[in-house]
Amino acid sequence: MSLHTEPIAAGAFLHTLPAEKFNRCRVSIHFRFPASRAAATDHALLPLVLERGYAACPDMTALSRKLAKLYGADLTVATTMQGACRVLSVSVTGIKDEFALQGERLSAEYAALAFGVAFEPYFENGEFSAEAVEIEKATLARQLESEINDKRLYCVRQAQRRFFGNSPAGVARDGYLEDLPAVTPASLTAAYKDILRTATIDVMVLGLDEAAVRPLLAAALEKQPRTPAPLPGYLAMPAAPAEHFEEKLDLEQAKLCMLFTMGRPADPEELDAYRMAMCVFGGLPTSRLFLNVREKQSLCYYCASRITAASACMMVDSGVEPANAQKAEAAILAELQKLAGGPIDPEELQNARLALASGMAGVGDSLAGLENWYFGEILRGGRISTPQEAAARLESIGADQVRQVLRRFTLSVSYLVTQKEETHG
C-alpha cells in the first residue's frame with residue numbers, strides 16, 4: 001500500500017491511500033506553517049474554537065447532531081509542533097459509503113464537514129464568536145495552569161524551555177498563559193486568515209471517494225488568496241557546556257530530564273539509524289538504560305530516550321528517588337559513553353530491529369496509524385517510504401551506524417524537579 005501525491009496548486013497537495021481493508025474512511029486537512037512566538041497562543045486556541053462548529057453547524061449542538069446523523073462520525077481538530085513548524089489538522093472519520101443503510105454518499109458528507117470546519121468557520125460580524133473565544137480561553141487557561149500537576153510533563157517542558165530558549169523550535173504548542181488575556185476574536189481571526197493565506201496544505205484521503213474531495217479543495221483554494229510561506233527545515237541548537245537546573249516542589253518521586261544536542265541539523269535520510277540507536281540506548285525493555293540504570297543499579301523507576309530529528313534533540317527522562325538523582329544522571333551519561341565508544345552485542349541490535357519492525361507492521365492496523373506514518377514521511381521530505389520498506393532497511397543498520405549517531409550527542413540541559421527539604425521547627 002503506497003501513497004499517491006498530486007500537487008493541486010502552489011503549496012497545496014492531495015494525498016490518497018486506498019485503505020481498502022477498512023470499513024471506515026478518513027479525510028484530513030493539515031496546514032503547515034512556521035511557528036511563531038507572537039501568535040503561539042492564538043494558534044493554540046484555534047483548534048478549540050474550530051471544533052465547536054462551522055458556518056453550516058454554528059454551535060456544538062448542531063455539530064453533534066450532524067455527526068450523529070453521519071453514523072457517529074468523529075471530528076478532531078488539533079495542533080502539533082514539528083521542529084520549527086506548527087501543524088493545524090482537521091480530521092473526519094466515519095464508515096464507508098457501502099455500509100450506509102440508505103445508500104447515503106457519506107464520503108461527500110465527511111469531506112464537506114472537514115472542509116467546512118477548516119475553511120468556513122462560524123463568524124459573527126466577520127470574526128470568531130466572542131462567546132466561543134471566551135469559553136475556550138478559559139479551557140486553555142485551565143490546561144496551562146494544570147501543567148504543574150503532571151510533574152513528569154512539567155519537568156520535560158521546563159527542560160525544553162531552557163534548551164530551546166528563543167528558538168522557533170521552542171515555541172510552546174499550547175501557547176502561553178501570560179498571553180491569553182490579549183487574545184481576542186479579532187486577533188484569532190487574523191491568525192486564522194494568515195494560516196489560510198500562507199500555510200502549506202496537505203489533504204490526506206484514506207479509503208474515501210477522492211471525487212468528493214477534489215472539487216472542495218479547488219473551491220477552497222479559489223476563494224482564498226494564497227502566498228505560501230517557505231517552511232523551515234531541520235535545525236539544531238548549538239553545542240555548549242551543559243547547564244544544570246534544579247527546582248524543588250512538593251513531591252515524593254523526583255523527575256530528571258536530560259536534553260542532548262547534535263549541534264547540527266539531523267540528516268533526514270539517517271532516520272533509520274536514529275530509530276535503531278534510540279531502541280538500543282533507551283527505547284526498549286532490552287535497552288541499556290532499562291537494563292543497567294533501572295534494573296541492575298535500581299537508580300530510577302523509569303528511564304527512556306527518544307529523539308526529535310527535526311530539532312536534532314535527544315531526550316532522556318526518568319523518575320528517581322531524590323537522593324539518587326546525581327547518581328542516575330552519571331549512570332545515564334556513562335551508558336551513552338559506553339555505547340558510543342564500545343562494543344554492541346548483536347542481540348541488542350536484533351532486539352531493536354524486531355521491535356521496530358513489529359511497530360511498523362502494526363502501522364496498517366488503523367487509519368490513524370497509516371495517516372501518522374505517511375504524514376510523518378511527508379514532513380521528513382524526500383522519497384516517501386512504506387512501513388515495509390523502512391522495516392527492510394533496518395537490516396542494513398549495524399553497530400557502527402548506531403555508535404556514529406550516539407557519538408554526535410552532547411548534554412546541553414539537565415533539569416531536576418525534586419523534593420523540598422524538610423524543615424523542623
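Judged as a side chain to side chain contact (heavy atoms under 4.5 Å, CB included), and not counting sequence neighbours, the contacts of Thr5 are Leu3, Phe13, His15. The ring-ring contact (aromatic ring centres under 6.0 Å, His included) test applied to Phe31 returns Phe119, not counting sequence neighbours. Judged as a side chain to side chain donor-acceptor pair (under 3.5 Å), and not counting sequence neighbours, Gln401 has no contacts. Residues satisfying the ring-ring contact (aromatic ring centres under 6.0 Å, His included) criterion with Tyr302, sequence neighbours excluded, are absent altogether. Residues forming a side chain to side chain donor-acceptor pair (under 3.5 Å) with Tyr192 (at least two apart in sequence, or on another chain): none. In this structure, the salt bridge (Lys or Arg N to Asp or Glu O under 4.0 Å) partners of Arg380, at least two apart in sequence or on a different chain, are Glu269, Glu377. Scanning for side chain to side chain donor-acceptor pair (under 3.5 Å) contacts around Arg32 gives Asp202, with sequence neighbours left out. Under the rule for a salt bridge (Lys or Arg N to Asp or Glu O under 4.0 Å), Arg173 has no partner lying at least two apart in sequence or in another chain.
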Acceptor/donor pairs from residues 218-229 side chains to any protein atom, 3.5 angstrom cut, sequence neighbours excluded:
{"from": "Lys223", "atom 1": "NZ", "to": "Glu120", "atom 2": "OE2", "distance (Å)": "3.4"}
{"from": "Arg226", "atom 1": "NH1", "to": "Leu196", "atom 2": "O", "distance (Å)": "2.9"}
{"from": "Arg226", "atom 1": "NH1", "to": "Ala199", "atom 2": "O", "distance (Å)": "2.7"}
{"from": "Arg226", "atom 1": "NH2", "to": "Ala10", "atom 2": "O", "distance (Å)": "3.4"}
{"from": "Arg226", "atom 1": "NH2", "to": "Gly11", "atom 2": "O", "distance (Å)": "3.1"}
{"from": "Arg226", "atom 1": "NH2", "to": "Ala199", "atom 2": "O", "distance (Å)": "2.9"}

Distance-only criterion, 3.5 Å: show the donor-acceptor pairs between side-chain atoms of residues 232-244 and protein atoms not counting sequence neighbours.
{"from": "His244", "atom 1": "NE2", "to": "Glu329", "atom 2": "OE2", "distance (Å)": "2.6"}

Below 3.5 Å, can you tabulate the donor-acceptor pairs from side chains in residues 42-50 to any protein atom, sequence neighbours excluded?
{"from": "Asp42", "atom 1": "OD1", "to": "Ser187", "atom 2": "OG", "distance (Å)": "2.9"}
{"from": "Asp42", "atom 1": "OD1", "to": "Leu188", "atom 2": "N", "distance (Å)": "3.3"}
{"from": "His43", "atom 1": "ND1", "to": "Ala39", "atom 2": "O", "distance (Å)": "3.4"}

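Ionic pairing of Glu127 and Lys193 is not present here: no N-O contact between side-chain nitrogen and carboxylate oxygen is shorter than 4.0 angstrom. Between Arg157 and Asp174, at least one side-chain nitrogen of the basic residue sits less than 4.0 Å from a carboxylate oxygen of the acidic one, meeting the salt-bridge criterion. With respect to the salt-bridge test (charged N to carboxylate O, under 4.0 angstrom), the residues Asp179 and Arg37 qualify. Between Lys137 and Glu134 a salt bridge is recorded (basic side-chain N to carboxylate O distance below 4.0 Å). Glu131 and Arg52 are not joined by a salt bridge, as no carboxylate oxygen comes within less than 4.0 angstrom of a charged side-chain nitrogen.
The neighbour count for Glu389 CD, taken as heavy atoms of other residues, nucleotides or ligands under 6.0 Å away, is above 12. Within 6.0 Å of the CD atom in Glu178, the count of heavy atoms belonging to other residues, nucleotides or ligands exceeds 12. Within 6.0 Å of NZ in Lys151 there are more than 12 heavy atoms belonging to other residues, nucleotides or ligands. Heavy atoms of other residues, nucleotides or ligands lying less than 6.0 angstrom from CG of Asn149 number more than 12.
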(message) Between Thr16 and His4, is the side-chain hydrogen bond (donor to acceptor under 3.5 Å, both in side chains) condition met? List the steps.
(response) CA-CA 5 Å; Thr16 56; His4 174 72; 5.2 Å; no

(message) Does Arg393 form a side-chain hydrogen bond (donor to acceptor under 3.5 Å, both in side chains) with Ser385? I'd like the steps, not just the answer.
(response) CA-CA 10 Å; Arg393 289 197 302 266; Ser385 296; 3.0 Å; yes

(request) Let me see the working for Tyr301 and Gln253 under side-chain hydrogen bond (donor to acceptor under 3.5 Å, both in side chains), right down to the final yes or no. (result) CA-CA 9 Å; Tyr301 298 98; Gln253 185 189 109; 5.0 Å; no

(request) Could you give me the CA-CA distance, side-chain angles and deciding distance for Tyr154 and Glu147, then say whether side-chain hydrogen bond (donor to acceptor under 3.5 Å, both in side chains) is met? (result) CA-CA 6 Å; Tyr154 177 75; Glu147 176 188 286; over 6 Å; no

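Residue pairs that meet the side chain to side chain donor-acceptor pair (under 3.5 Å) test with at least one member in residues 304-314, sequence neighbours left out, do not exist here.
Relative orientation of the Phe123 and Phe128 rings is perpendicular, given thresholds of 30° and 60° on the angle between their planes.
The backbone N or O of Met60 lies less than 3.5 Å from a partner atom in the side chain of Ser64, making a donor-acceptor pair.
Arg407 and Gln404 are not linked by any side-chain donor-acceptor pair at a separation below 3.5 angstrom, with hydrogens and angles left out of the test.
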